[in-house]
Amino acid sequence: MKDLHNMSWYAKQIHPKLDKDIFKPAPTRLIGGLIYLIVVAIGMSAVVLFDINIIGKLAIALILGFSFGSMGFLGHEILHGTVVRNKWLRNFLGGIAFLPLSVGPRLWVKWHNLNHHAHTQDDEKDPDAWMSLESFNKRGFIKLVYKLPLWFRSLFSFTALSISFTLHSVRMFFVYFKELVEEKSISTWFQFIFPWTFWFGLLAIVGFEKWVYIYLIPVLIGNLIVMGYISTNHRLNPLVPVNDPLANSLTVTVPKWLDVLHFNFSYHTEHHLFPGINPKHYPIIKAHILELWPEKYHQMPLFAALKALWKTPRIYYNDEELVDPHKKRVYKSLANGLKSNNIKPYKLVKDN
């Protein structure tokens, strides 16, 4: 890949064009979080205290799940320091926002802020990157899974989005366990154990039937919403030797009202370029990117991106292409020929 630049190179071109106030924290974002907390408290209380029919309980579970996902988006920006600067307050508020998804603030900062952002789409260093063909060939169980047809794997993967974020966060805890514990062991364990204790303690108090509607179904929906975005952030992009946000990230487009409810999480290229700027300002960043590098910027509607994910595999044949080992077919990535409305693989001649 040619013409790659790291985030600081792009930031230097845009920074002079930005008003200095854009770099200030945005504590008013907490109003949205408070509204979601109130909605969650009312919804849970209604299910526990009143005799509501199954349709009503499912409707409340849907609202709770939407709120869980949105609180996760707010927690993401809080823990980037774009809402409040005080470290203790940032971690406390971020922990509350991520409580429904059972992610501790110290783990999130280590996994997401310090590793994913620093090594985006590096198949060895990015904890969220998908594997290369070389790594794939060393994993016997994964090779067995990839003998299944692509459509079946896609069906399974999309269904698994309802648990993927929570499961991946548990995995990340043990990946970074040693480093986290060396710094603050009591805090690390507390942040990991407390959310699970809270939710399963709630199960013991209200009983399984009500718990299903106030937590189990909502957390599945919350995972699905969060992963609906996260799965499009980088998985259609190439692996890169340079952490270039315009090459390794994708911004998806959604209706404006959904951007408001989801705290502008759709602006992902902008986030990787300026993670220290609050997402409410990302439309401004996007305008500058489109002015300076329109040919390098990747964006597509969210459902078009999900459709492209369904039709493509997740193993990198090389940095710029994806491969389906089952049928020996190779697919292009973004900036290398992938078109969401016309996905055409070619046959891999050499058997790998």
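Surrounding CZ of Phe303 are at most 12 heavy atoms belonging to other residues, nucleotides or ligands under 6.0 Å away. The environment of CG in Leu34 is crowded: more than 12 heavy-atom neighbours from other residues, nucleotides or ligands sit within 6.0 Å. Heavy atoms of other residues, nucleotides or ligands lying less than 6.0 angstrom from CD of Glu134 number 12 at most. For Lys210, the NZ atom counts as densely surrounded, since its 6.0 Å shell holds more than 12 non-hydrogen atoms of other residues, nucleotides or ligands. Within 6.0 Å of atom CG in Leu144, more than 12 heavy atoms from other residues, nucleotides or ligands are found, so the atom counts as buried in its surroundings. Summarising the local packing, CD of Glu124 is surrounded by 12 or fewer heavy atoms from other residues, nucleotides or ligands at distances under 6.0 Å. In the displayed structure, Arg171 atom CZ is contacted under 6.0 Å by at most 12 heavy atoms of other residues, nucleotides or ligands.
Residues Leu239 and Asp126 have side chains not in contact (no heavy-atom distance under 4.5 Å, counting atoms from C-beta outward). Annotation: side chain of Ser266 is not in contact with side chain of Thr253 (no heavy-atom distance under 4.5 Å). In this structure, the side chains of Glu321 and Tyr346 come closer than 4.5 Å at one or more pairs of heavy atoms. With a 4.5 Å cut-off on side-chain heavy atoms, His298 and Ser249 do not count as touching. Between Ser231 and Leu306, the closest side-chain pair of non-hydrogen atoms falls below 4.5 Å. Taking the side chain as every heavy atom from C-beta outward, Leu180 and Phe192 never approach each other to under 4.5 Å. Annotation: side chain of Lys57 is in contact with side chain of Glu209 (closest heavy-atom distance under 4.5 Å). Here the side chains of Thr82 and Lys280 are not in contact, with every heavy-atom distance at 4.5 Å or above.
Salt-bridge annotation for Asp21 and Lys24: present, with a side-chain N of the basic residue lying under 4.0 Å from a carboxylate O of the acidic one. Using a 4.0 Å cut-off between a side-chain N of Lys or Arg and a carboxylate O of Asp or Glu, Glu291 and Lys286 do not qualify as a salt bridge.
Ser162 places no side-chain N or O within 3.5 Å of a backbone atom of Leu220 that could act as its donor or acceptor partner. In this structure a side-chain-to-backbone donor-acceptor pair under 3.5 Å is missing from Arg314 to Val323. A distance-only check finds no donor-acceptor pair linking the side chain of Gln299 to the backbone of Leu250 [under 3.5 Å]. The backbone N or O of Leu64 sits nowhere less than 3.5 Å from a side-chain atom of Tyr36 that would complete a donor-acceptor pair. At least one donor-acceptor pair under 3.5 Å links the side chain of Asn264 to the backbone N or O of Pro279.
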List the steps and the verdict of side chain to side chain contact (heavy atoms under 4.5 Å, CB included) for Tyr297 and Thr251. CA-CA 8 Å; Tyr297 183 72; Thr251 285; 3.3 Å; yes
Between Trp189 and Phe173, does a ring-ring contact (aromatic ring centres under 6.0 Å, His included) hold up when you go through it step by step? CA-CA 10 Å; Trp189 277 112; Phe173 177 80; 5.5 Å; yes
Start with the C-alpha distance between His272 and His234, add both sets of side-chain angles, then the distance that settles ring-ring contact (aromatic ring centres under 6.0 Å, His included), and finish with yes or no. CA-CA 11 Å; His272 272 259; His234 310 287; 4.8 Å; yes
Pair His15, Phe23 - check ring-ring contact (aromatic ring centres under 6.0 Å, His included), show working. CA-CA 10 Å; His15 195 284; Phe23 296 95; 4.7 Å; yes
Show, in sequence, the C-alpha distance, side-chain angles and deciding distance for Phe73 and Phe263, and conclude whether the ring-ring contact (aromatic ring centres under 6.0 Å, His included) test is met. CA-CA 6 Å; Phe73 296 140; Phe263 299 95; 7.8 Å; no
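A distance of 13.5 Å separates CZ of Arg329 from NZ of Lys344, quoted to the nearest 0.5 Å. Atom CE of Met300 sits about 9.0 Å away from atom NZ of Lys339, to the nearest 0.5 Å. Note that OH of Tyr317 and OG of Ser333 are 14.0 Å apart. Values are rounded to the nearest 0.5 Å. Rounding to the nearest 0.5 Å gives a distance of 9.0 Å between CD1 of Ile78 and CE of Met71. How far NZ of Lys296 is from CG of Leu334: 14.0 Å, rounded to the nearest 0.5 Å. Taking CD1 of Ile230 as the reference point, atom CZ of Arg235 lies at 8.5 Å (rounded to 0.5 Å).
Transitive grouping of hydrophobic side chains (ILVMFWY, heavy atoms separated by less than 4.5 Å) keeps Ile31 and Val40 in distinct clusters. Leu338 and Tyr316 end up in the same hydrophobic cluster when Ile, Leu, Val, Met, Phe, Trp and Tyr side chains are linked at under 4.5 Å. Cluster annotation: Val219 and Ile217 are assigned to the same hydrophobic cluster (Ile/Leu/Val/Met/Phe/Trp/Tyr, side-chain heavy-atom contacts under 4.5 Å, transitive). Criterion: ILVMFWY side-chain heavy atoms under 4.5 Å apart, direct or through other members. Under it, Val206 and Ile42 are not part of a common hydrophobic cluster. Taking hydrophobic clusters as Ile, Leu, Val, Met, Phe, Trp and Tyr residues chained together by side-chain heavy-atom distances below 4.5 Å, Val175 shares a cluster with Ile193.
Note: His76 and His117 have parallel aromatic rings, judged against thresholds of 30 and 60 degrees for the angle between ring planes. Under the 30°/60° scheme for interplanar angles, the aromatic rings of Trp9 and Trp293 are found to be tilted. The aromatic rings of Phe208 and Trp211 sit tilted, their planes meeting at an angle between 30° and 60°. Relative ring orientation between Tyr215 and Phe68 is described as tilted, the plane-to-plane angle lying within the 30° to 60° band.
Summarising the geometry of Lys332 relative to Leu322, their closest heavy-atom pair is O-CD1, 4.3 Å, with the distance given to 0.1 Å. Across every non-hydrogen atom of Ala308 and Leu236, the tightest pair is CB-CD1, 3.8 Å. Smallest separation of non-hydrogen atoms from Ile225 and Phe66: CD1-CA, 3.6 Å. The minimum heavy-atom distance linking Ile315 with Met131 is given by the pair CD1-CG, 3.5 Å. For the residue pair Tyr146 and Pro325, the shortest heavy atom distance occurs at CD2-CD, 3.5 Å. Heavy-atom minimum distance, Asp123 versus Ala129: CA-CB, 4.2 Å.
The closest side-chain donor-acceptor pair between His268 and Tyr229, if any, does not fall under 3.5 angstrom. Using modelled atom types and a 3.5 Å distance limit, the side chains of His5 and Asp3 yield a donor-acceptor pair. Thr166 and Asn223 share a side-chain donor-acceptor pair at under 3.5 Å. In this structure, a donor-acceptor pair under 3.5 Å is present between the side chains of Asn243 and Asn248. With hydrogens and angles left out, the side-chain atoms of Asn278 and Arg29 include a donor and acceptor closer than 3.5 Å.
For the salt bridge (Lys or Arg N to Asp or Glu O under 4.0 Å) test, no residue two or more places apart in sequence or in another chain qualifies with Arg90.
The aromatic ring centres of His168 and Trp111 sit less than 6.0 Å apart. Ring centroid separation for the pair Trp88 and Phe92 comes in under the 6.0 Å cut-off.
The list of salt bridge (Lys or Arg N to Asp or Glu O under 4.0 Å) pairs with a residue in residues 196-206, not counting sequence neighbours, is empty.
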